[in-house]
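Taking it in order: structure first as C-alpha cells, then the write-up.
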Amino acid sequence: MNLLVSKAETFLKQCYSENEWDNLEQRLTEVKDEITRTGTYVHTALELEHGAKIAWRNSNRCIGRFFWKKLSVRDQRHLTTEKEICDEMLNHIKFAYNDGKIRPSVTVFRQADEVRNNSIKIWNAQLVRYAGYHAEGNKIIGDPDSLEFTAECIKLGWKSAKTDFDILPLVIQIADHPPVLVPIPDSFINEVNIEHPTMEWFKELGLKWYAVPIISNMVLEIGGIVYSAVPFNGWYMETEIASRNFGDEQRYNVLPTVAARMGLDTSKNSTLWKDRALLELNLAVLHSYQKSKVAMVDHHTATDQFINFEESENECGREINADWSWIVPPMSGSATKTFFREWKNEVVAPNFYREFAAWRKPTAEEMEKQAACPFHIHKA
Ligand code: ARG
C-alpha cells in the first residue's frame, strides 16, 4: 500500500477514536479516493486541529505538554501570497501575546507541495528573535545564535542599529521565488526589561527579552501531510532565558558580569560563583516577567505539571515519550521530580520536526547528523 495512504489511515483512525467521531469508514474511502486522484489529500479543519494538538502532545522535548488540549489552532491554509502570510504571522504575534496572558497557539499555512515545488518556508528560527553580528576583535554583538540568519537578512538589504537587541525582520519564501523581507512594526513587539527584586544594580546590565517564543523553523507532519510553515508558541519557562540564553557561554554569556557585580570570587570554581550568579539571574527573569504581567512558568511548577501530564496520559492508556536531557531543567535538576524518571524516547507522528536552514544547502556534516536524528523530518 502507498505510504501516504497508510499514514493517513493510521492518523484518521487515531483521530476519530480519540474524539469518538462517527463515519470513519466513509472518511477513509474519501481520503483514499482523493489520494488516488490527486496524489495527496486535504485535512478537514477539525482533523487539522486535533492533529496539531496530538503533535504537541507527542513532542518529546517539550516540558509544557500538560496543556496540549488548550492549543489554539489557527487554520490559515487559504492564504497564498507572501504579503498575506506575513500579515498573518504578525497577527499570530498579537494573538499569542494577548496582553501578557499568553495563548499557546499554532498558525497553519497551506501544506507543503513538493510535487509542484510550491512550498512556503519561513526563514526565521522564531518570529521574534534578536540579531547577532561579528564585530571587531572576535567580538559578537547581539545573539550569537542568530549570526548566520542575520547575515542573510543583511544580504537581502536589511539595515539595523547593530545593538545587542535588534529585532530581526520576517523572511518568507514561496517555492523558489526570491525571499521577501518584512520588518516587524514596533507595535507588535513586547519585551520585558530585566531587573532584580532586591539587587538594585541589576537593571543597569541593560538586559531584556521578548515576551513570547514563537518557533517558526520546524515542520508539522500529520497523517503523512507535511506543513512546512507552522509558527507555534507557548509561554517561557524562566531557565530558557536566564540559564541558557543569558547564561550559556556561546550565547549572551552574562555570568562573569553578574558575578562581578555581586562581588563574588570568580578566581576558582569552588566558590560556586557561576551557580550563585545563575540563581540570581533566574530570580530576576521570573520577577521581571511577573512584574510586567507576562505569563511565565518557573521550573519547579513546570516539572510538576509535566508529571501530571504523564499521569493523565497513562490514565488514557497512553505511554509518553520524552527526551530526559531536555525535560530535566538546566538548573537544580535533582530538586525536581523529572530527574528521577525515565522515559522511552521514540518519535511518533503527528509531530513537529526539525528542518534544515532554508537559505542554503545542508553541509555534509548536517546531512549525516540528520540521517541519524529522529527529531528531523525524513522525507520519503
Ligand atoms: N528555548 C527557546 C528560547 O529560549 C524557546 C523554545 C520554546 N519554548 C517554549 N517555552 N515554548 O527562545
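Hydrogens, waters and symmetry mates play no part in the numbers below; they use all other heavy atoms, side chains included. What you are looking at is a predicted structure, and each value in this text was computed from that prediction instead of being measured.
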Item to check | Any donor-acceptor N/O pair, N124 side chain to P169 backbone, under 3.5 Å | outcome: yes

Checklist entry - Any donor-acceptor pair under 3.5 Å linking the side chain of K53 with the backbone of K69? => result yes

Next on the checklist: Taking the six-membered ring of Y16 as reference, does the cationic atom of R27 (NZ for Lys, CZ for Arg) lie under 6.0 Å from its centre and within 45° of its axis?
Outcome noted: no

Item to check | Within the 6.0 Å centroid threshold, strictly below: H376 and F356 | outcome: yes

Checklist entry - Hey, does the side chain of Q173 reach the backbone of W123 with a donor-acceptor pair shorter than 3.5 angstrom? => result no

Next on the checklist: When you measure from the side chain of D248 to the backbone of R251, do you find a donor-acceptor pair of N or O atoms at a distance under 3.5 Å?
Outcome noted: no

Checklist entry - Of the non-hydrogen atoms in R354 and M218, which two are nearest, and what is the gap between them? => result N-CE, 3.9 Å

Checklist entry - Do H378 and Y353 have side-chain heavy atoms sitting under 4.5 Å apart? => result no

Item to check | More than 12 heavy atoms from other groups under 6.0 Å of NZ on K268 | outcome: no

Checklist entry - Okay, side chain of R65, backbone of S59: is any donor-acceptor separation there less than 3.5 Å? => result yes

Next on the checklist: Donor-acceptor check, side chain of S228 to backbone of I120, threshold 3.5 angstrom: yes or no?
Outcome noted: yes

Checklist outcome for this item: Quick note, salt bridge (Lys or Arg N to Asp or Glu O under 4.0 Å) partners involving residues 209-228, not counting sequence neighbours, are K7-E221

Checklist entry - Do NZ/NE/NH1/NH2 and the carboxylate oxygens of R261 and E280 come within less than 4.0 Å? => result no

Checklist entry - Below 6.0 angstrom between ring centroids: does that apply to W56 and F67? => result no

Next on the checklist: So T163 and I141, do their side chains get closer than 4.5 Å, heavy atoms only?
Outcome noted: no

Item to check | Charged N-O contact under 4.0 Å between E310 and K337 | outcome: no

Checklist entry - Any donor and acceptor pair, going by atom type alone, linking the side chain of W324 with main-chain N or O of R341 inside 3.5 Å? => result yes

Item to check | Test log, rule ring pair (Phe, Tyr, Trp, His ring centres under 6.0 Å), inputs Y130 and Y210 | outcome: CA-CA 9 Å; Y130 299 122; Y210 48 86; 5.4 Å; yes

Checklist outcome for this item: For A259 and W273 the tightest heavy-atom approach is CB-CE3, 3.5 Å

Checklist entry - Do the two ring centres, one from W209 and one from Y252, sit under 6.0 Å apart? => result yes

Checklist entry - What pairs with F11 under ring pair (Phe, Tyr, Trp, His ring centres under 6.0 Å), at least two apart in sequence or on another chain? => result H43

Checklist entry - Quick one: salt bridge (Lys or Arg N to Asp or Glu O under 4.0 Å) pairs with a partner in residues 155-165, sequence neighbours left out? => result E152-K155

Next on the checklist: Take a 6.0 Å sphere around CD of E204 and say whether it holds more than 12 heavy atoms from other residues, nucleotides or ligands.
Outcome noted: yes

Item to check | Heavy-atom pair with the smallest gap, counting every atom of L279 and M331 | outcome: CD1-CE, 3.7 Å

Checklist entry - Of the options H92, R103, Q126, which is the one that meets N233 in a side-chain hydrogen bond (donor to acceptor under 3.5 Å, both in side chains)? => result H92

Checklist entry - Any sub-3.5 Å donor-acceptor pair from S105's side-chain atoms to S72's backbone N or O? => result no

Item to check | Salt bridge D99-K101, side-chain N to carboxylate O under 4.0 Å | outcome: no

Checklist entry - Hey, does the side chain of T271 reach the backbone of D265 with a donor-acceptor pair shorter than 3.5 angstrom? => result yes

Checklist entry - Looking at V285 and A242, what are the two nearest heavy atoms and their distance? => result CG2-CB, 3.7 Å

Next on the checklist: Please give me the minimum heavy-atom distance between V328 and G333, naming the atom from each residue.
Outcome noted: CG1-CA, 3.7 Å

Item to check | Non-hydrogen side-chain atoms of H299 and E238 separated by less than 4.5 Å | outcome: yes

Checklist entry - Are I174 and R110 side-chain neighbours, meaning at least one heavy-atom pair lies under 4.5 Å? => result yes

Item to check | Atom of V192, atom of S292 and distance for their closest heavy-atom approach | outcome: CG1-OG, 3.6 Å

Checklist entry - Would a distance-only check, ignoring hydrogens and angles, find a side-chain to backbone donor-acceptor pair under 3.5 Å from T107 to V230? => result no

Item to check | Worked check of salt bridge (Lys or Arg N to Asp or Glu O under 4.0 Å) between R318 and E18 | outcome: CA-CA 11 Å; R318 292 188 290 259; E18 286 186 13; 3.5 Å; yes

